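Notes follow once the structure below has been shown.
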Amino acid sequence: MPVISYREALNQAMREEMERDANVFIMGEEVGHYNGAYKVTQGLLQRFSERRVVDAPIAEMGFAGIGVGAAMVGLRPIIEFMTFNFSLVAIDQIVNNAAKIFQMSGGQYNIPIVFRGPSGPAVQVGSQHSQSFESYYAHVPGLKVVMPSTAKDAKGLLKTAIRDENPVVFMEGETLYNTTWDVPEGEELIPIGVADIKREGKDITLIAWSKMVWTCLDAATALAKEGIECEIVDPRTLRPLDVETLATSVRKTGRCVIVEVGWPVAGFGAEVAYQMQKLCMDSLDAPIERVCSDDVPMPYAKNLEDEVQPQVKDVVAAVKRALYLE
Amino acid sequence: MVAPVVTASQTTPDTKRVESDEQQELVDTTTAELAPLYRQMLAIRRMEEACAKAYSTGKIGGFLHLIIGQEAVCVGAIAAIENKDYVVATYREHGHAYAKGVAARPIMAELYGKKTGLVKGLGGSMHLFDKPTNFLGGYGIVGGHVPIAAGAAFASKYRGDGAVTLCFFGEGASTIGGFAEGLALAALWKLPVVLICENNQYSMGTPVYRSLAVEDVSLRALAHGMPRDRFDGDDVVKVKRRIAEAVERARTTGEPSLVEVVTYRFRGHSMSDPGLYRTKDEVEEWRRRDPLNRSRQRLLDLGFPESELNALEEDVKAEIEDAVKFAEDSPPADEYFPYVIKE
């Protein structure tokens, strides 16, 4: 099985789906001639021409809305945000139009569209470019929210998202583009709404998505040396959320730590914690722990930036709290 | 003394003057062309009056924005397109839906919140949609629908299907980002869309002269190299002719246009608005320009028999009474979960 990067996996997914369906097109800033701000659309312009790989000027609300209108009448747009930080100026199109038109129209017009791009803090890009908005979008009925952590998940889920009949907010980890994973060649679709166990363990369940899966893998390796076996469950899609797979793991281990890079207040982890306490009350041996970024806009200085975000040591400490080892 | 922040809007050398009532020239037409347009306008007015009545008795809820006084704009413009063409409209869109071919029955039932409503009681007054007639909807966020119209036009260009999209919005939308971005992208990509500003001179309670630095909205087209037009919306045939020019341009060359039609709503912004920001004289002046009276008189002048006109008006009355009865008798809306996510 070939080992490829997360970036290449996304590129393959779009290339294959565009080969498969002439109604699929890509629109966004720098997606064509520049080959993508993060090179995710590398080579697609040469393959598919300017008709299907459309460089947009800086007008997120405008081109996100054009995507919604095109989707209403039968096309299947992929709208790239250079980063999800810029999606906020287009959020009216996503929340008020894409998410609602199927319902407002009494089921007449569904919106098969993918809004994709990098999300979450990168490295020293300051507060306006270092944000995790998954809880904003996961709050909205009518949307699906996907956050793959590996190249394999990225490819399989993006292909599924492009074929979905509904608006999908597809948030890529900005620091994950160079990470690699075994990815099957060709057609392997991963269903939206199915969690994945990234590591099996008996002592405690870590629930994490996107780049926090990698932090948890490192924490689990460290904890294994102390004889603590962590099970890491990656929901992969936040809406719909595969609560059953999550709960099955928590019932097995009796303990749960939820790790997210977003802010703590009304973060998506709070919803996960609610679901787990409701479904697993009789199995829990300790309160559910959450690990989040600090409740501040992201500072620039590298040492402060690291301090704000969940690190391996923070996950290790939370695990030990949940095991009453500290 | 500190200067006031708000100053009256300006005219510029490029401002297109709208003719006053006295300056109007008659546009050539026939009774065969005008009678159906008059019938549509009258049906919309009677439907709006029926809505107001039902609202006052609590049978229609929420926000209700009536188009009374502005009927010639949607009827004239939509008469200039074909069924395959798309229409995108605002929350003041009952008339646009009707003019595109939606029957009064499902519109009225929708406003009553009934299962038989156009969108099953899920949308209400502000969100009418109809796929069979390519009516792409009524939108409640001002200006947010302009990019959607550009998107439908993008799809037409992508597929080469020859369809044109009409997008309606008020002059109040001309200050918001959705309009600016939709306009810019439609111009940049040469999308076959006609952007129609229904300038009823008030964004809710704020008159144009206190909301725009330059009163001519169509001037925005110049910055984008886009064709523009500006005229009054009193004469439904004139609206049809002038919009047809823009539609033809869009269909044959793909070029979008910005067309401003100056009109007037006789009632408040919505049912909760008594319209205290306007003088009685001003409202009376515009009532004298009523597009329905103008068309009715023109029909008579063209030799349309008064007896046939009376029959037409009786027919409209019966149509709307039937729609109200249908709405009254229909079962209540009963489901919403199936329409959140398409399986």
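By convention in this document, chain letters (A, B, ...) are assigned in the order of the sequence lines, proteins followed by strands, and residues within each chain are numbered from 1. Keep in mind that what you see is a predicted model, and the values were worked out from it rather than measured.
- Classified by interplanar angle (parallel below 30°, tilted 30° to 60°, perpendicular above 60°), the ring pair Y136(A)/F133(A) is tilted.
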Query raised in the report: Does the ring pair (Phe, Tyr, Trp, His ring centres under 6.0 Å) test come out yes or no for F25(A) and Y158(B), once each step is laid out?
Result: CA-CA 10 Å; F25(A) 69 95; Y158(B) 187 93; 5.5 Å; yes
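- Only the side chain of L188(B) has a heavy atom closer than 4.5 Å to any heavy atom of chain A.
- Of the atoms belonging to Y139(B), it is side-chain heavy atoms, and not backbone ones, that fall under 4.5 Å from chain A.
- For F179(B) and F169(B), the ring centers are positioned less than 6.0 Å apart.
- The pair D161(B)-R159(B) meets the salt-bridge criterion, since a charged nitrogen lies less than 4.0 angstrom from a carboxylate oxygen.
- The candidate with the highest count of non-hydrogen atom pairs below 4.5 Å against chain B, out of A99(A), P141(A), A64(A), S105(A), is S105(A).
- Residue contact with chain A, scored on non-hydrogen atoms closer than 4.5 Å, involves the side chain of L191(B) exclusively.
- Of the listed residues (G123(B), G144(B), G182(B)), the greatest number of heavy-atom pairs within a distance under 4.5 Å of chain A belongs to G144(B).
- V89(A) does not touch chain B: none of its heavy atoms, backbone or side chain, sits under 4.5 Å away.
- Contact of A22(A) with chain B is made through the backbone alone, with heavy-atom distances under 4.5 Å.
- There is no contact between F337(B) and chain A, counting heavy-atom distances below 4.5 Å.
- Classified by interplanar angle (parallel below 30°, tilted 30° to 60°, perpendicular above 60°), the ring pair H96(B)/F168(B) is perpendicular.
- Interface summary for chain A: among P147(B), A184(B), A152(B), the most heavy-atom pairs under 4.5 angstrom belong to P147(B).
- Considering only heavy-atom pairs separated by less than 4.5 Å from chain A, the leading option among L122(B), V340(B), I341(B) is I341(B).
- S211(B) and S203(B) get closest at one heavy-atom pair: OG-OG, 4.5 Å.
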Query raised in the report: Can you check side chain to side chain contact (heavy atoms under 4.5 Å, CB included) on M276(A) and L246(A), steps first, answer last?
Result: CA-CA 8 Å; M276(A) 291 307 104; L246(A) 271 54; 3.6 Å; yes
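- For F86(A), the CZ atom sits in a packed shell: over 12 heavy atoms of surrounding residues, nucleotides or ligands are nearer than 6.0 Å.
- Of the atoms belonging to L136(B), heavy atoms from both backbone and side chain fall under 4.5 Å from chain A.
- For Q108(A), the parts lying near chain B are the backbone and the side chain together; criterion is any non-hydrogen pair under 4.5 Å.
- Among Q103(A), K100(A), E165(A), the residue with the largest count of heavy-atom pairs under 4.5 Å with chain B is Q103(A).
- With chain B as the partner, the residue from V73(A), I101(A), D92(A), D164(A) showing the most heavy-atom pairs under 4.5 Å is V73(A).
- Counting all heavy atoms, side chain and backbone alike, L111(B) lies closest to G124(B) at CD1-C, 4.5 Å.
- Taking G142(A), G69(A), P57(A) one by one and counting their heavy-atom pairs under 4.5 Å with chain B, the maximum is reached by G69(A).
- Figure legend: cation-pi geometry between K342(B) and Y109(A) absent, as NZ or CZ is not positioned both under 6.0 Å from the six-membered ring centre and within 45° of its axis.
- The greatest number of non-hydrogen atom pairs below 4.5 Å with chain A, out of K131(B), M126(B), E335(B), is found for K131(B).
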